[in-house]
Structures are given as C-alpha cells and as structure tokens.
Amino acid sequence: MNQHVTPRLNRRAFVIGTAALGGGFALGLDIPFGGPQMARAADGAPEVNAWVVIRPDDTVVIRIARSEMGQGTLTGLAQLVAEELACDWSKVTTEYPTPGQNVARKRVWGDFSTGGSRGIRASQDYVRKGGAAARMMLIQAAANEWKVPVSECAAANSIISHTPSKRTTTFGKVAEAAAKLSPPADVKLKDPKDWTLIGKGVKRLDTADKVTGAMTYGIDIKLPGMLNAAIKDCPVTGGKLKSYDEAKIAGMKGVKKVVAVDGTAVAVIADTWWHAKTALDALPIVWDEGPNAKVSSASIAQWLAEGLASGPAYVGNENGEVKAALAGAVKKVEAVYNYPYQNHANMEPMNATALYTADKCEVWCGTQNGEAAFAAVLEATGLPADKCEVHKIMLGTGFGRRGQTDYVRQAVLIAKQMPGTPIKLLWSREEDMTHGRYHPITQCKLTGGFDADDNLTALHIRISGQSILYSLRPDALVNGKDPATFAGFNASGDAMIGYSVPNLLIEHSMRNPHIIPGFWRGVNVNQNAIYLECFMDELANAVGQDPLEFRRKLMKDHPKHLAVLEAVADKIGWGTEAPQGVYRGLAQLHSYGSYVAAAAEISVTDGTKIEVHRIVASTDPGYIVNPAQVERQIAGSFVYGLSGLFYGGCTVKDGRIEQTNFDSYNSMRINEMPKVESILMPSGGFWGGVGEPTISVAAPAVLNAYFAATGKRIRSVPLRDQNISFA
C-alpha cells in the first residue's frame with residue numbers, strides 16, 4: 001500500500017465518531033476517488049485511484065474496504081469495480097486497505113463495517129464510481145498518448161482501443177500516465193442492461209487459497225519474538241476479578257507473565273498458547289460475581305412475561321384502533337411465542353495480536369469493522385491515530401460477533417504490559433462461548449381479531465425483551481425506542497410488514513437482562529418471522545382457510561412480498577397432493593431491503609423426529625451481483641437458521657451462560673441438511689441484502705409444516721427443549 005502522512009487526530013473525537021460503526025449502521029459518505037497527486041502501492045505500481053492499482057503486467061488490484069468472512073463480499077465488490085473498470089477479470093486480485101490509511105486519507109474508502117447485509121448494497125454506488133473513474137482516466141491517458149479525442153477511444157477486457165486507427169494498448173502500459181491525471185468530476189455508471197460481469201456467477205477470488213491452506217486467518221498470525229496469551233474473564237457479566245494466586249503456577253513450563261486485564265479478567269502470557277492455557281487453568285482465581293449471579297433463565301423468562309401483560313411499551317407500527325377492533329371482534333385468537341439467546345459459535349474463536357510500544361501500537365485481527373477495531377486500539381492505548389494501525393485479516397466466520405471489539409481491547413491491554421513484544425491473544429472455546437454477544441432474548445404475545453365474515457380486522461403484536469441498540473449503540477435509540485426490534489414489522493423501509501390489516505399495533509416492552517446481546521446473523525427478523533408467520537398460520541387455521549389463500553387476501557397491497565411467496569408455493573406444489581407422509585409449510589418476510597420466502601417439505605416420525613426433505617427459497621434483492629454466491633448464501637443461511645431452530649438456545653444459570661462448548665451447543669450435520677432449491681427473482685430498481693434475509697424464513701416454514709403434520713403448534717424454540725430432533 002502507498003504511504004501517506006497521517007494527520008494527528010484527536011483520539012476522543014475519533015473514538016466517538018466511529019463507535020457507532022461497531023453497531024453495524026452505515027454512515028452517509030461523500031467518497032472522493034483520490035487526489036491529483038499520484039500515489040503508489042507498496043510494490044511501486046501506480047494507483048489510478050484509491051480503488052484501483054494496475055501493475056505493468058496488467059494485474060488489476062482492487063481495494064476492498066469491507067470484510068470477507070465467507071459470505072462472498074470480497075468477490076462481489078471486486079465484480080462491481082471491475083464491471084465499470086472494464087478490466088480482464090482473470091487478472092483481478094484484491095487487497096484490504098487499513099483503517100489507519102482510511103483515516104489518513106479522509107475516509108477515501110468509506111465505511112469499513114460489514115454487517116446487516118450491507119457489504120455490497122451500501123457501497124455499490126461509490127465503488128462502481130471508483131471503477132468507472134479509473135476507466136475514464138486510463139482511456140484519457142491513452143488518448144493523450146495517441147493525441148486523439150477521448151471520444152474515439154473505448155476500453156474492454158483491460159485493452160484500450162482507438163476505433164478509427166485500430167490502435168490498441170493495455171491498462172498496464174498507460175497506468176503510470178493515468179495515475180497522474182486528476183479524477184473526472186462527472187462519473188456516469190453503466191445502465192444495468194449493459195452489465196457483462198455483474199449478474200454473472202464468476203468463481204470466488206478467495207477459494208483457491210482456502211482450499212490449499214494458503215489463506216491466513218487471525219489465528220494463524222506469527223510475528224518474530226511473539227508470545228501467546230490465554231484469558232479468563234469473570235463468567236458473570238458485570239462481575240469483577242477479586243484475586244488470583246500467581247505463586248501457584250510459578251515455574252510452570254513456558255510461562256512468562258500473569259496480568260490482570262481491565263479489572264474483570266486475568267491472562268497468562270507464555271511461549272505457546274497451550275502452555276498459557278494450561279497454566280491459566282491451574283491458576284486459582286476468585287471472582288466477585290456481583291448481584292447478577294442470582295439471575296437464571298427462569299427469572300429472565302418471568303420478567304419478560306410480565307412485560308407482555310402490562311407496563312409501558314414503545315410503538316413501532318400502528319394504524320387504526322386495535323383495542324376497539326379487538327373488543328368488537330366476533331372471534332379472537334391469541335398466542336405467546338418466545339425466542340432464546342443464541343451464540344454465534346464462530347469456528348475461529350476470538351483472537352487478536354498486538355504489538356505495543358510507548359509511541360506506537362499495531363494490531364492484527366479478523367474484524368467485521370476495521371474502523372471500530374481501530375477506535376478500540378486508540379481508546380485502549382491513549383495514542384493518537386497516526387501512532388496506531390489495525391491490519392485486517394481474513395475472518396474465520398463472523399455472523400455479527402466480530403463487529404464487536406472486546407477481544408481487540410483485551411489484546412492491547414495485555415500487550416501494554418509487555419511493551420515491545422508481540423502478544424497473540426486467543427480465547428479458548430469455553431471463553432468464546434461464555435463471553436459471546438448473544439442473539440437477544442424476547443417473548444411475543446400476538447392477538448388477532450375477525451369479523452363475522454372471517455376477515456382479519458385487527459392484529460396486536462407485543463414484544464417483551466431485549467434491545468440490541470440499548471446495549472451496543474444507545475445513541476441510535478429514537479426517543480428511547482430501538483428501531484431494530486421491529487425488523488420485518490415496519491410500515492416502510494428496509495424491513496416492511498407484508499400484510500395490510502385495518503387495525504394494527506406492534507409494540508415493544510423493553511427489558512434488558514445483564515447478558516449482553518449482539519448482532520447475530522439475521523438478528524431480530526429471526527424471531528419476528530417466527531412470531532408473524534407462524535401466527536398467520538394459526539389465524540388461517542382458526543377460520544378454516546388455506547394458509548396461502550389467507551395470506552393472499554392480506555397481501556394485495558404488497559405485490560413484491562406476494563410474488564416471492566407465490567413463487568415458492570408454485571415450485572413446492574402447494575395446492576397439489578404431497579407425497580405420502582410429507583407435509584408443507586410456508587413463510588415470507590421483507591428484511592435488509594430484500595423480499596424472501598420459503599416453502600418446506602417435511603415428514604415426522606413419532607411426533608418427535610423431523611426430516612426436512614426440501615426447502616424452496618425465493619429472493620428478490622433488486623439486483624444480483626453474483627447469482628452463484630446468492631444461492632450459496634441462501635443454503636448457508638438455512639444451515640444457520642435450522643441449527644438455531646433445532647439445536648440453538650443458550651440458558652442462564654447462576655448468572656452465566658451454561659453452554660460452553662459444542663457438546664452442549666450443537667450444529668446440524670450434513671446428513672440433516674435438506675435439499676435447497678433457490679429461486680432468484682431480481683426485479684431491479686433497488687439493492688437489497690443477501691446474507692441474512694432468507695435465514696428468517698427457514699424456521700417458520702418448518703414449524704408450519706410440523707403443525708400440518710401433527711396438529712401441534714410449537715411456540716418455543718429450540719426444538720431440543722421440546723424433545724424434538726432431526727430424524
């Protein structure tokens with residue numbers, strides 16, 4: 001990467017300005033494409049602009065600000081840039097700029113946050129303009145060399161041609177001259193009908209290194225003279241470190257130092273991580289667990305149940321007069337659902353490597369938000385921005401967990417106690433699962449009212465439970481209300497409800513236990529889809545109507561919602577006889593700007609063994625960059641969603657999470673995975689997300705099919721707690 005002089009930013013101002021990024025919400029950005037002075041990459045190749053470096057051999061290096069964690073964002077963003085650049089895709093490679101460089105260059109690469117299915121949709125416009133601007137500069141450089149009007153020149157496949165004379169040159173030959181030009185003031189993007197690379201299922205750019213073992217993850221980092229650290233934090237959130245007896249492990253093999261961390265944790269530093277962990281396990285530690293040690297799943301459930309019955313609540317969506325309509329309803333249907341804590345359970349546990357000196361700190365880690373990690377380093381060190389750096393490494397999965405920076409802060413605080421020595425902090429699996437940032441716990445009471453003609457005239461949804469933003473981004477609360485709680489229930493925007501009901505009230509009784517919530521793949525739409533879509537089936541059943549027909553009547557004003565639902569119903573064969581012993585269920589939702597639906601076919605043995613044979617999934621995200629990746633994301637989201645339905649769920653005892661490893665927090669196996677059939681329905685005109693929307697409809701589609709098979713309604717997950725499992 002090119003070198004720039006970093007301005008000496010005020011540490012506190014930067015931390016405050018970037019803290020919000022950890023919560024996964026995009027900022028409004030005015031992205032420049034580079035300055036008039038030429039910059040060079042680390043290998044000396046000219047930087048045409050911040051997004052594009054071209055080497056003399058025509059290799060195209062595309063800068064990727066977002067993080068890759070298996071979802072395919074790296075390849076998708078490269079496609080967007082390459083489409084407008086008109087380069088040879090076979091010559092494309094990528095690299096991450098660092099957050100320190102981004103700050104130094106007035107955030108030229110924009111938002112580094114990768115979450116909320118925003119990696120592509122929130123940056124597609126400016127990264128495409130980056131590619132288009134670079135193409136225009138390359139063509140201008142060739143035209144200048146040939147002394148011909150730029151209007152007579154065109155670019156395709158990394159070759160620039162002059163149509164009248166049939167002269168050609170390559171990007172690599174004019175890159176040096178192009179890099180010296182001022183970027184164009186007016187950058188026009190291609191019409192989608194002219195796309196040649198966007199919309200194509202090209203191979204991922206990171207696959208080869210992953211399958212050959214060449215890919216470096218945070219856990220793989222090795223630096224000269226590096227030591228390793230293992231850590232234990234108080235198992236009860238809100239508790240403190242009281243004491244530890246370092247003398248008991250004196251002389252244990254490889255141990256270099258024992259340090260307290262942030263008043264709540266203790267770490268052992270050793271030559272190898274195993275030596276550090278072994279010594280830490282032998283270290284006598286006394287915790288002050290505080291009053292939260294009295295909290296249990298039962299006490300949390302009781303508190304949330306009280307919120308369903310009474311007390312203040314924030315209104316998320318309302319029209320008509322629900323109370324009056326329910327009071328006058330000919331028939332009422334009521335149900336209470338609940339959704340548990342869920343752990344991210346990343347394959348790669350939290351880790352970060354830090355090298356601290358009195359005037360500089362560097363960190364190497366996998367992070368979903370490089371700028372938030374950078375802010376954490378500034379805050380932990382007290383150093384200015386020009387003295388710190390974070391090097392983003394490939395993530396061994398994230399699912400939202402690596403949007404937080406607690407592990408980065410710990411690594412820096414440990415390294416500060418051994419200045420000049422690189423320290424790699426690696427959490428054990430038990431530490432990782434005890435100190436997650438869990439999918440929020442909620443309960444939901446739903447009440448529907450019908451008139452004499454069996455028309456749904458009123459729907460009241462009251463959620464009681466945790467707010468993510470209250471814990472992670474209190475500045476994003478709107479007059480105390482957490483907008484994220486109402487995902488899939490909103491009247492408009494990125495997560496709209498798909499039904500029109502004359503009298504509607506959706507509200508949230510906010511109750512925040514001490515267990516810290518976090519952004520978990522799909523977040524609030526996971527439970528909201530179950531609440532809404534399973535209850536829609538309950539309502540249809542109460543008036544003897546087919547679940548699809550019942551929905552259709554309520555979706556007349558929601559054509560895109562209805563289109564994806566009808567697509568899966570048609571492909572699954574809804575309305576035709578299923579194979580003997582096979583039962584079907586439907587679900588739909590709008591979230592992260594995309595319209596999704598699922599139809600499941602299952603069979604049930606003895607009422608407790610479920611085989612999910614097939615799931616048909618449809619998605620309309622507006623535009624699709626890489627259809628092959630979208631199909632993989634749909635299938636992958638079902639792995640996550642069905643694992644949560646069958647096996648997930650974290651319980652609390654003595655104030656702490658009980659599930660501390662995979663023996664008690666399971667994940668579905670390949671033999672349990674259904675056949676997934678994807679229907680891609682890009683209608684254009686908007687950019688929706690892909691990685692998270694479809695996860696929400698997996699569970700309700702299966703639960704609705706289970707009711708069709710057994711006549712039993714499951715309103716509490718995971719299914720393991722109902723003694724229900726995969727067949």
Side-chain angles (χ1 to χ4, degrees), residues 2 4 26-39 46-54 60-66 76-88 92 97 102 105-111 120-164 167-199 622-623 625 684-687:
N2 48 292
H4 292 265
L27 301 178
L29 299 169
D30 181 16
I31 307 297
F33 302 125
Q37 294 184 344
M38 186 181 74
E47 178 186 287
V48 181
N49 62 23
W51 302 98
V52 177
V53 171
I54 297 180
V60 176
V61 182
I62 296 177
R63 269 47 177 288
I64 305 295
R66 310 281 179 163
L77 287 171
Q79 279 181 260
L80 291 172
V81 175
E83 174 69 65
E84 297 290 346
L85 180 61
C87 66
D88 182 346
V92 168
N102 200 38
R105 297 177 66 172
K106 299 179 181 179
R107 300 192 75 225
V108 65
W109 289 286
D111 189 353
I120 284 177
R121 65 186 175 119
S123 53
Q124 55 81 22
D125 182 73
Y126 61 78
V127 301
R128 287 192 291 145
K129 286 179 178 175
R135 182 194 75 247
M136 294 169 69
M137 294 165 72
L138 290 162
I139 293 174
Q140 182 68 62
N144 291 348
E145 181 179 325
W146 292 329
K147 296 181 173 55
V148 299
V150 71
S151 60
E152 295 179 356
C153 302
N157 211 37
S158 291
I159 295 173
I160 302 167
S161 58
H162 179 235
T163 305
R167 282 178 290 184
T168 63
T169 189
T170 67
F171 281 7
K173 291 178 181 177
V174 299
E176 187 85 18
K180 297 175 183 177
L181 299 175
S182 296
D186 184 24
V187 180
K188 294 182 179 179
L189 297 175
K190 288 184 180 180
D191 189 297
K193 66 180 176 59
D194 297 324
W195 287 343
T196 59
L197 189 59
I198 297 174
Y623 295 110
V625 175
F686 64 96
W687 292 81

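- Looking at every heavy atom in both residues, Ala142 comes nearest to Ile160 through CB-CG2, 3.7 Å.
- A donor-acceptor distance shorter than 3.5 angstrom exists from the side chain of Tyr623 to the backbone of Gly685, with no hydrogens or angles considered.
- Applying the ring pair (Phe, Tyr, Trp, His ring centres under 6.0 Å) rule to Trp146 yields no partners; only residues at least two apart in sequence or on another chain are considered.
- The minimum heavy-atom distance linking Gly110 with Asn102 is given by the pair O-ND2, 3.0 Å.
- Side-chain atoms of Arg63 never come within 3.5 Å of backbone atoms of Pro97 as a donor-acceptor pair (strictly under, hydrogens ignored).
- Across all their heavy atoms, Ala82 and Leu197 have their closest contact at CB-CD2, 3.6 Å.
- Applying the side chain to side chain donor-acceptor pair (under 3.5 Å) test to residues at least two apart or on different chains, the pairs with a partner in residues 134-144 are Gln140-Asn144.
- Considering CD1 of Ile159 and OG1 of Thr168, their distance stands at 6.0 Å, rounded to 0.5 Å.
- Arg167 has its side chain within reach of Val148: a pair of non-hydrogen atoms, C-beta onward, lies under 4.5 Å apart.
- Counting heavy atoms from C-beta outward, Leu85 and Phe171 have side chains that approach closer than 4.5 Å.
- Contact between Gln79 and Val625 at its shortest, heavy atoms only, is NE2-O, 3.3 Å.
- Residues Val127 and Ile62 fail the side-chain proximity criterion, which asks for heavy atoms closer than 4.5 Å.
- Side chains of Val187 and Glu84 form no contact here, defined as non-hydrogen atoms less than 4.5 Å apart.
- Using a 4.5 Å heavy-atom cutoff, the side chains of Pro183 and Asn49 are not in contact.
- By the 4.5 Å heavy-atom criterion applied to side chains, Leu138 and Ile54 are counted as neighbours.
- The shortest non-hydrogen separation linking Pro184 to Met137 is CD-CG, 3.8 Å.
- Shown here for Ala78 and Val92, the closest heavy-atom pair between the two residues is CB-CG1, 4.4 Å.
- By the 30° and 60° cut-offs, the orientation of the rings of Tyr126 relative to Trp51 is tilted.
- Under the side chain to side chain donor-acceptor pair (under 3.5 Å) criterion, the residue pairs touching residues 154-164 are Glu152-His162, His162-Ser165, with sequence neighbours excluded.
- Within a 6.0 Å radius of NZ in Lys173, no more than 12 heavy atoms belonging to other residues, nucleotides or ligands are found.
- Going from atom CG of Leu189 over to atom NZ of Lys129 covers 6.0 Å, rounded to the nearest 0.5 Å.
- The CG atom of Leu77 sits 5.0 Å away from the CD1 atom of Ile120 when rounded to the nearest 0.5 Å.
- To the nearest 0.5 Å, atom CE of residue Met136 and atom CG of residue Asp186 are 6.5 Å apart.
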